[in-house]
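Report on the following structure.
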Amino acid sequence: MKIIKQIFVILLFYVLGEIIALGIRAVFPTLFVPGTIIGLGLLLIALASKKLKLIHVDDVGSFLTGNMAFFFIPAAVSVLEYLDLLQSSIVKILLIIVISIIFSFFMVTLSIKGTLYLQAKWQDRQANKRSDDHA
Amino acid sequence: MREILSSQAFGIMLTLLFYLFGGWLYKKTKFPFFSPLLVATLLLMGYILIADINMASFLTDLSGIHLFLGPLIVSLAVPIVKQFDLIKKNILPILVGSFVGAITSILAVYVLGNWFNIDQEILYSIIPKASTTPIAIEVSEQIGGIRAITVAVVVMTAVIGAVIVPILVKLLKIKDPRIIGMGLGTTSQAVGTAKALEIDPTAGAISGVALVFTGIATAIIALFIH
């Protein structure tokens, strides 16, 4: 019964997300917000605010996310059907992948270093302010 | 006999077997190219080609993807909530890193893809490559990509990233586990997270969080792509 309940809760959030997405599309027809992402956001909020306890989704949620790759094997295999399309550009695709990984990695590293630096500076200033106030 | 060999049950059994084999291989070698998804995919491809199975029916039988895609994405909230304390302490670097990871990947793909004069359908299939597979599929179908190509590219990206990023980390002598985790999570998703876990537990946890946030960031940025 526990597992059934957890599947129900996860599907409930998924369907809720899809309904909200439908509503958004009705108001803004050009904005295609995926309902799945809204469902993820809703579940995140429900869990973070403790409105919903982790035990109500933990087993099924952990099973699904922990074994996620398995569900995509058929889709990955069906790339066989697109070999003709891919043949001429596989080298380009690999180049794009490698270059973009390196570029992304550098930018992510730099942005985090920058963020941590600014954060530390800001905290220092707050600390100085506080000690100034005391003085 | 032929009926059994091309049946749904046999297909799922074989997929499970290949996946387990891939998992065992990775555990033994710790080499990212032996990710269970890649190993199982290549073995299944081999089986389909050698046994001359009618691929279309075999795959439609196997693929419950559209049934699982939604619940899978929604479930990504679970690993996030488990790392809540770590996220609270590092919320700014995580958010900034995830958005930068998503946006730089999309930009690089877009610029390089146009420069290499790549087919538009393929380009749209590669654009969401930095995000975790289910979200990548969602975004790809939304902007006009091909699902199968997206999955294949995400797998290649994850595997290649999990090889390249640890090398870069060593070359640049990066020690901060947060940066290592963000670097692996934003570029190479689950395969990168497995690698990050081997380097440092904090890096692994951060990477697991980063891959979800990078996916969300990609989906948000994709709203403005057309």
Side-chain angles (χ1 to χ4, degrees), chain A residues 7 10-11 13-14 17-18 31-37 39-41 43-44 47-48 54 57-58 60-62 64-65 68-82 85-86 89 92-105 107-109 111-113 115-116 119, chain B residues 15 19 36-37 40-41 44-45 55 59 62-63 65 68 70-81 92-93 96-97 100-101 104-105 108-109 112-113 116 118-119 122 126 130 133 138 142 146-149 151-152 155-157 160-161 164-165 168 179 182-183 186-187 190 216 219 223:
Chain A
I7 296 175
I10 289 173
L11 283 176
F13 275 87
Y14 166 47
E18 289 292 351
L31 207 61
F32 192 92
V33 190
T36 49
I37 304 287
L40 162 60
L43 184 57
L44 209 51
L47 288 171
L54 191 57
V57 288
D58 197 5
V60 173
S62 298
L64 283 176
T65 50
M68 199 159 71
F70 176 76
F71 299 98
F72 302 112
I73 296 172
V77 173
S78 62
V79 83
L80 277 180
E81 291 176 61
Y82 298 95
L85 186 63
L86 287 173
S89 42
K92 292 177 188 168
I93 293 176
L94 286 173
L95 261 176
I96 292 178
I97 290 177
V98 171
I99 297 173
S100 73
I101 287 173
I102 296 173
F103 176 60
S104 266
F105 176 77
M107 296 309 280
V108 168
T109 304
S111 70
I112 297 174
K113 284 207 160 155
T115 310
L116 290 173
Q119 229 177 351
Chain B
T15 311
Y19 189 72
L37 176 51
T41 301
L44 263 183
M45 283 178 169
M55 199 157 55
L59 287 176
L62 266 181
S63 164
I65 278 209
F68 284 109
L72 259 174
I73 296 180
V74 173
S75 299
L76 290 172
V78 173
I80 293 285
V81 169
L92 219 52
V96 170
V100 169
T104 50
S105 166
V109 171
L112 290 171
F116 292 161
I118 219 164
D119 187 275
I122 296 182
I126 313 179
T133 321
E138 188 92 330
Q142 166 200 332
I146 301 166
R147 189 209 306 165
I149 297 183
V151 176
V155 179
M156 288 195 276
T157 304
I160 295 173
I164 295 182
V165 171
L168 291 176
I179 297 181
M182 288 301 297
T186 53
T187 56
I216 297 175
L223 292 178

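- Contacts with chain B were tallied for V77(A), I112(A), T109(A); V77(A) has the most, counting heavy-atom pairs under 4.5 Å.
- Across every non-hydrogen atom of A75(A) and R147(B), the tightest pair is CB-CD, 4.2 Å.
- Residue L92(B) touches chain A through both its backbone and its side chain, counting heavy-atom pairs closer than 4.5 Å.
- Options L80(A), I37(A), L95(A), L43(A) differ in how many heavy-atom pairs under 4.5 Å they form with chain B, and the most are formed by L80(A).
- Interface residue L116(A): only side-chain heavy atoms are found under 4.5 Å from chain B.
- Contact annotation for I7(A): neither backbone nor side-chain heavy atoms come within less than 4.5 Å of a heavy atom of chain B.
- Contact of T36(A) with chain B is made through backbone and side chain together, with heavy-atom distances under 4.5 Å.
- Every residue two or more places apart in sequence or in another chain that forms a ring-ring contact (aromatic ring centres under 6.0 Å, His included) with F70(A) is listed here: Y19(B).
- Between the CD1 atom of I73(A) and the OG atom of S78(A) there is a distance of 12.0 Å, given to the nearest 0.5 Å.
- Taking CE of M156(B) as the reference point, atom OG1 of T41(B) lies at 11.0 Å (rounded to 0.5 Å).
- Residues passing the side-chain contact (heavy atoms from CB on, under 4.5 Å) test with M68(A), sequence neighbours excluded: F72(A), L72(B), L76(B), T132(B), P134(B).
- Taking CD1 from I146(B) and CD1 from I126(B), the interatomic distance works out to 10.5 Å, rounded to the nearest 0.5 Å.
- With a 4.5 Å cut-off on non-hydrogen atoms, I164(B) touches chain A through its side chain but not through its backbone.
- For a residue to count as touching a neighbouring chain, one of its non-hydrogen atoms must lie under 4.5 Å from one of that chain's; by this rule L44(A) touches chain B with backbone and side chain alike.
- For the options A77(B), A108(B), P36(B), heavy-atom pairs under 4.5 Å to chain A are most numerous at A77(B).
- Contact annotation for T186(B): only side-chain heavy atoms (C-beta onward) come within less than 4.5 Å of a heavy atom of chain A.
- In terms of heavy-atom pairs under 4.5 angstrom with chain A, the leader among V100(B), V109(B), I160(B), V155(B) is V100(B).
- A donor-acceptor pair under 3.5 Å is absent between the side-chain atoms of T187(B) and the main chain of F105(A), judged by distance alone.
- Between chain B and the options G39(A), G41(A), S111(A), heavy-atom pairs under 4.5 Å are most frequent for S111(A).
- At least one side-chain heavy atom of P34(A) sits under 4.5 Å from a side-chain heavy atom of Q142(B).
- Ranking D119(B), I80(B), I122(B) against chain A, the residue ahead of the rest is I122(B), based on heavy-atom pairs under 4.5 Å.
- Within the 4.5 Å cutoff, the side chain of T104(B) has no heavy atoms near those of the S100(A) side chain.
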